[in-house]
Amino acid sequence: ASTNSLNKDDYSSIYHHKETSMSSIDIETEHPNDNHPPDHHHEAISPTKMPKWLCDLLEPVFKMRKRKTTIEQELYCGLIQFISCLYVLPVVPFQMKRVGYIEASTIVATSATCSLGSMIAAFLTDMPFIIAPPTSVSIFLAVSMQQSGLRPLEGNAAVMISGAGLALVGAIPPLSRLVTKFIPDCIQASTAVGIGLITALAGATEIHLVVHGKYTILDMGVISPEVVVAICSLILVAACLHYHIKGAFCCGLFFGTFVWWLISNEWPEALAAAPEAITSTGEYDHNRIVLLVFNLLFLYILTLNGLARGCSDLAGLTKKNGAVPRGNWLLVVCGLTTMLSGYFSGPPILISPESAAGIKAGAKTGLSTLVCGILFGLATFFSPIFAAVPAAGTAPLLIMVGVLMFSNVKRIDWTDMKVAVPAYCVLFFIPFTYSILRGVAFGYIIYIALILFTGEYISFTEDFIYNFNELIYGKKSDSKSKLIKSKSTRLPIAFNDETLKNESENGTEGSEYESESEKQADNSNVFTKVLGLLDMKEGGVTVGLH
């Protein structure tokens, strides 16, 4: 994933958040209210000049007064988001063309599903998130299809089935919380870095800057005019990001495209055309796409988990418990939109990281997303222009995506070996095996082995038991029981408030024994202490240890 108009600190605020809840995408059934402190990093919003009847008409849907924004501000931010995200229309279909997709048809499918998904998400979630294909996910799909020798028909089936799985995860709240709980932050961060390395390598091989070596696995290619144009475009994107210029990626895209058109004299055959998309029908072997489906579903959850929480934090809309408002609807919308995109030979449609560009400009409601969706719908008619974009225009953007995603290494504690070793295995094996599932599986095996041999599984189990109610019901238990550690056995013991009060008055505090024999008897009965009692209180589960 990439960000267009953000500097390094802005980018960090999207991906480098600390986990404060059981899952980043949590379940909120109502519109986000303003119990979250309003963010103050945006400039003061001037009073709206729109008619009062229009404001009253939109307020029940988009909550602009509560979030202290205006219609004008949201319209402007929607335009910024569209300009920042426009580059996906030539970049993503160009990558999928390498595995047999028809580029013009994929452009139409991408822009149409982005338009529909953004407009639906605007009303269902009321969040300033663009529904568009992240570049890294599309790159992974193309590379996986190349490795497995899959046809576009089989790729479309994998996209549709994985989209249905994502919608199912969103429709079952406990399932989404359980899935995200068991993905450690070090695995998430290293996976993002590995995907960034794959994306950058794909961009470098497009312009033949990196080629197969005669005596080595990889080697540097010939410095051709195409490579020179791409490097100049890369420098331009980096400079624009440094000066916080909105639409930095589009600046690089326009520069590389027009310069190469002048050099090669390969201009678009037309400016506009009637939209045409190819539907996915036919027979295929289901067994060949099983692995790809699981790969894609894991990648969807990983991408949405980081992007939704990061963008929500940036907009100041995250709940006090760390939940993204209406996160379940976000998963459902992305899943259904991905299914529709796959049916029309398009890429997976999730949240675009370019949403951050509009959020930094002041977007706070789904109205900006609605504007972006309408503009994507208009872009459907200009597919000939996007189809003519050369590799010199798209390759620098892919390399820049890798640069931005590599900053996730800061989330990894390299001084803690039980975290650093699994993370390094993941980010090492993903690009060198061209497989996210293999890299993550290898890193996860190392991670589990290390938490077993270092004893971290004890604290992990304690945390899981204590937060079991939050995993299932989406909120912490209403019971006032507290977990404390016994100094003698180092086992968690549950005391209610009355017990703690009595022990405090008696001076025992639950950790001292009246005699040495009593202490020894207590230690000898350690296995009995591990047996937990489930105390059902007010619909929740409170777990204590005898």
Side-chain angles (χ1 to χ4, degrees), residues 1-2 85-115 117 131-163 195 198-207 249 253 257 275-282 284 288-289 292-293 295-296 299-300 303 334 337-350 352 376 379-380 382-395 397-399 401-402 434-436:
S2 64
C85 194
L86 185 61
Y87 78 95
V88 302
L89 293 183
V91 171
V92 171
F94 186 86
Q95 294 298 318
M96 300 184 70
K97 182 178 69 173
R98 298 162 53 187
V99 289
Y101 284 84
I102 300 175
E103 188 172 13
S105 176
T106 305
I107 291 173
V108 171
T110 302
S111 57
T113 50
C114 288
S115 174
I131 306 301
T135 309
S136 57
V137 178
S138 303
I139 293 289
F140 171 75
L141 174 62
V143 170
S144 299
M145 291 179 62
Q146 280 183 320
Q147 285 185 320
S148 304
L150 298 177
R151 299 172 297 157
L153 179 63
E154 294 166 324
N156 292 338
V159 170
M160 287 190 288
I161 296 173
S162 59
I195 295 171
I198 287 182
T199 305
L201 182 59
T205 54
E206 272 185 15
I207 55 177
F249 274 44
L253 176 67
T257 298
E276 294 183 2
I278 300 176
T279 57
S280 178
T281 56
Y284 59 91
R288 299 186 63 193
I289 65 172
L292 180 58
V293 168
N295 268 332
L296 288 173
L299 187 56
Y300 297 163
T303 303
C334 290
T337 309
T338 296
M339 291 176 62
L340 183 63
S341 178
Y343 180 74
F344 288 105
S345 300
I349 308 294
L350 306 175
S352 172
F376 265 120
T380 306
F382 297 96
S383 59
I385 298 178
F386 299 117
V389 173
T394 60
L397 309 185
L398 300 179
I399 296 174
V401 167
Y434 267 78
S435 172
I436 293 179

*Asks:* Has the side chain of S144 got a donor or acceptor atom that lies under 3.5 Å from a matching backbone atom of L141?
*Replies:* no
*Asks:* Output the distance between atom CG (L397) and atom CG (L253), rounded to the nearest 0.5 Å.
*Replies:* 5.5 Å
*Asks:* What are the two closest heavy atoms between L89 and A379, and how far apart are they?
*Replies:* CD1-CB, 3.9 Å
*Asks:* One pair to check against side chain to side chain contact (heavy atoms under 4.5 Å, CB included): T135 and Y87. What are the steps and the verdict?
*Replies:* CA-CA 10 Å; T135 309; Y87 78 95; 3.5 Å; yes
*Asks:* Tell me if a side-chain donor or acceptor on S105 pairs with a main-chain N or O of Y101 at a distance below 3.5 Å.
*Replies:* no
*Asks:* Quick one: list whatever passes salt bridge (charged side-chain N to carboxylate O under 4.0 Å, His left out) with R98, sequence neighbours left out.
*Replies:* none
*Asks:* Are more than 12 heavy atoms from other residues, nucleotides or ligands located less than 6.0 Å from atom CD1 of I102?
*Replies:* no
*Asks:* Between P134 and T303, what is the shortest heavy-atom contact and its length?
*Replies:* CG-CG2, 4.3 Å
*Asks:* Restricting to non-hydrogen atoms, name the atom on S341 and the atom on I349 that form the minimum distance, rounded to 0.1 Å.
*Replies:* CB-CG1, 3.7 Å
*Asks:* Under 4.5 Å between any side-chain heavy atoms of T338 and L350, yes or no?
*Replies:* yes
*Asks:* If you measure from OG1 on T106 to CZ on F386, what distance do you get to the nearest 0.5 Å?
*Replies:* 14.0 Å
*Asks:* Before giving the answer on side chain to side chain contact (heavy atoms under 4.5 Å, CB included), spell out for C334 and I131 the whole-Å C-alpha distance, their side-chain angles and the decisive distance to 0.1 Å.
*Replies:* CA-CA 7 Å; C334 290; I131 306 301; 4.2 Å; yes
*Asks:* Can you tell me how far OG of S345 sits from CE of M96, rounded to the nearest 0.5 angstrom?
*Replies:* 7.5 Å
*Asks:* Side chains of N295 and Y300: do they bring a donor and an acceptor to under 3.5 Å?
*Replies:* no
*Asks:* CE/M339 to CZ/F344 distance, rounded to the nearest 0.5 angstrom?
*Replies:* 12.0 Å
*Asks:* Test side chain to side chain contact (heavy atoms under 4.5 Å, CB included) on F140 and L296; report intermediate values, then the result.
*Replies:* CA-CA 9 Å; F140 171 75; L296 288 173; 4.0 Å; yes
*Asks:* For the side chain of S111 and the backbone of V108, is there at least one donor-acceptor N/O pair under 3.5 Å apart?
*Replies:* yes
*Asks:* Could you report the tightest heavy-atom contact between T110 and P93, atom names first, then the distance?
*Replies:* OG1-CG, 4.3 Å
*Asks:* Does T394 have any side-chain hydrogen bond (donor to acceptor under 3.5 Å, both in side chains) partners at least two apart in sequence or in another chain, and if so, which?
*Replies:* E206
*Asks:* Step by step, would you call V99 with L150 a side chain to side chain contact (heavy atoms under 4.5 Å, CB included)?
*Replies:* CA-CA 8 Å; V99 289; L150 298 177; over 6 Å; no
*Asks:* Check whether S162 reaches the backbone of V159 with its side chain - one donor and one acceptor, N or O, closer than 3.5 Å.
*Replies:* yes
*Asks:* Between C114 and P133, what is the shortest heavy-atom contact and its length?
*Replies:* SG-CD, 3.4 Å
*Asks:* Tell me every residue that passes side-chain contact (heavy atoms from CB on, under 4.5 Å) with A388, counting only those two or more places apart in sequence or in another chain.
*Replies:* W261, P268
*Asks:* Do you know which two heavy atoms are closest between E154 and R288, and how far apart they sit?
*Replies:* OE2-NH1, 3.4 Å
